[in-house]
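Per chain, numbering begins at 1; letters A, B, ... match sequence-line order. Excluded from the calculations below are hydrogen atoms, water molecules and symmetry mates; all remaining heavy atoms, backbone and side chain alike, are included.
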There are 2 protein chains.
Amino acid sequence: MVKFLKQVLATQLDVDLMSDKCGFLIEQLMELAGLSVAQAISKEYSPKQNQNILICVGPGNNGGDGLVTARHLVHFGYKPKLYYPKQPNKPLYQSLLKQCSTLEIPVIQNFDHGLEGIDLVVDAMLGFGFKPPIREPFGSVLKTLAKSGKPIVSVDVPSGWSVDDGPMDEHCVAPDMLVSLSAPKPCAGFFKGRFHYLGGRFIPRFLAEEYGLEIPEYPGSDQCVLIKSLI
Amino acid sequence: MVKFLKQVLATQLDVDLMSDKCGFLIEQLMELAGLSVAQAISKEYSPKQNQNILICVGPGNNGGDGLVTARHLVHFGYKPKLYYPKQPNKPLYQSLLKQCSTLEIPVIQNFDHGLEGIDLVVDAMLGFGFKPPIREPFGSVLKTLAKSGKPIVSVDVPSGWSVDDGPMDEHCVAPDMLVSLSAPKPCAGFFKGRFHYLGGRFIPRFLAEEYGLEIPEYPGSDQCVLIKSLI
């Protein structure tokens, strides 16, 4: 039903969206992407049973999506925390972090003790631009997460997986939910978790046709759509 | 249930949201505001019976919300058109208009014939910053709209109404739906249409408390909430 978008094409699509071809601003796309992740979470994990969410935030745009997700999750009744070890010195990310701070979202400094009392982990570390090797501290964090048994929601690409080829070894994280953004990347074909959602409801039809994307029908005014459920 | 936010305080709230106090960027707030308007429309006017929507766009931020609304309405299955007689020469508005053009949203030049075949009108002309007098062509447009009998959805403030004192005379528009943003302005107390929604689900709790706002509970991950329905 949904064609996979390879890494090189995902990168090109991103450029097209934010060039004169479409005229989007990164602040808009990131807002809609993060909102769609938060909405997918709210559809499958109720805030009563899954109030405590740790969001692991990477240094790039995937991390930015995670910061937006955190903010919306607060409004939806969750209590997220951030682990954000590599904070880039760019105004956009500083703004996103400031917005989280006004909602009193804590930022934990030490990941090792960070999983205590956590119901759900959002993996917003490495996205469709990822190329090996995995840099520290994310390699250690991913090992700890994989062993932890905590349910993981991965944003767009499970961190540490090859975007085009999937899990690189048996120690990789195995997310419970994957929220693909714009279109699933080939690694989504290796996803064995319970919920595969698509978010990022902003691709113009002409661009979807140009890239041969088969975008499923979103319900009503939802910002995410369930592609595949294993329950 | 919801305290009214007077014009002078609405202006101050906007400044606070986009200052270092909260760190929001206008692109984010406008995206969420426009999305909430589109979502409110989709909840009350089905795309099957109300496919043809004319969005009247003003020169300021209220107009920007309307451009974002138009874009999301396309994704929700509607066929909006824009009437945008005063287009400011600012990059943000040019980007928003470009985004609409990639979805093939037509821009009509002549308002007088623009209402033929239109099911619903979105009034995104004058917002919480409005002070009389009404400038042309908006005065003429509002007179035509008021006489037309077409159902109108007003964004934040019914255009031409005094923000604090409501309709200025008996010739004002009488919207069928009002979507207040952040918090209802005092003019919302004079609203006699069928659906009063609140959108703009982004106010941090500390700021709501500082302004004495009583924000109702939004359902689930919705970006809008029905405050009052007369049907």
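- There is no side-chain donor-acceptor pair under 3.5 Å between A:Tyr78 and A:Asn52.
- Side chains of A:Val37 and A:Asp65 form no contact here, defined as non-hydrogen atoms less than 4.5 Å apart.
- With a 4.5 angstrom heavy-atom cutoff, A:Phe206 touches chain B only via side-chain atoms.
- Counting heavy-atom pairs closer than 4.5 Å to chain B, the top residue among A:Leu17, A:Val68, A:Ile203, A:Leu73 is A:Ile203.
- Between A:Asn62 and A:Phe128 the shortest side-chain heavy-atom distance does not fall below 4.5 Å.
- With respect to chain B, the highest number of heavy-atom pairs below 4.5 Å among A:Leu92, A:Leu96, A:Leu25 belongs to A:Leu25.
- For the options B:Glu27, B:Glu104, B:Gln99, heavy-atom pairs under 4.5 Å to chain A are most numerous at B:Gln99.
- Interface remark: B:Ile41 contributes no atoms to any contact with chain A (heavy atom separation under 4.5 Å).
- Contact annotation for A:Lys21: only backbone heavy atoms (N, CA, C, O) come within less than 4.5 Å of a heavy atom of chain B.
- A:Gln94 and A:Asn89 form a side-chain donor-acceptor contact under 3.5 Å, judged by distance and modelled atom types alone.
- With rounding to the nearest 0.5 Å, the separation of CZ in B:Arg194 from CE in B:Met177 is 8.5 Å.
- Heavy atoms closer than 4.5 Å to chain B are found nowhere in A:Leu97, neither backbone nor side chain.
- Residue B:Ser95 touches chain A through both its backbone and its side chain, counting heavy-atom pairs closer than 4.5 Å.
- Residues B:Val179 and B:Asp156 are not in side-chain contact: their nearest non-hydrogen atoms beyond the backbone lie 4.5 Å or more apart.
- Ion pair A:Arg201/A:Asp222 not flagged as a salt bridge, since none of the NZ, NE, NH1 or NH2 atoms sits closer than 4.0 Å to an Asp/Glu carboxylate oxygen.
- Using a 4.5 Å cut-off between heavy atoms, B:Gln223 touches chain A through its side chain atoms alone.
- Of the listed residues (A:Arg71, A:His75, A:Met30, A:His72), the greatest number of heavy-atom pairs within a distance under 4.5 Å of chain B belongs to A:His75.
- A donor-acceptor pair shorter than 3.5 Å cannot be found between the side chains of A:Asn110 and A:Tyr83.
- The part of B:Leu32 that comes within reach of chain A is its side chain, from C-beta onward, which places non-hydrogen atoms under 4.5 angstrom from that chain.
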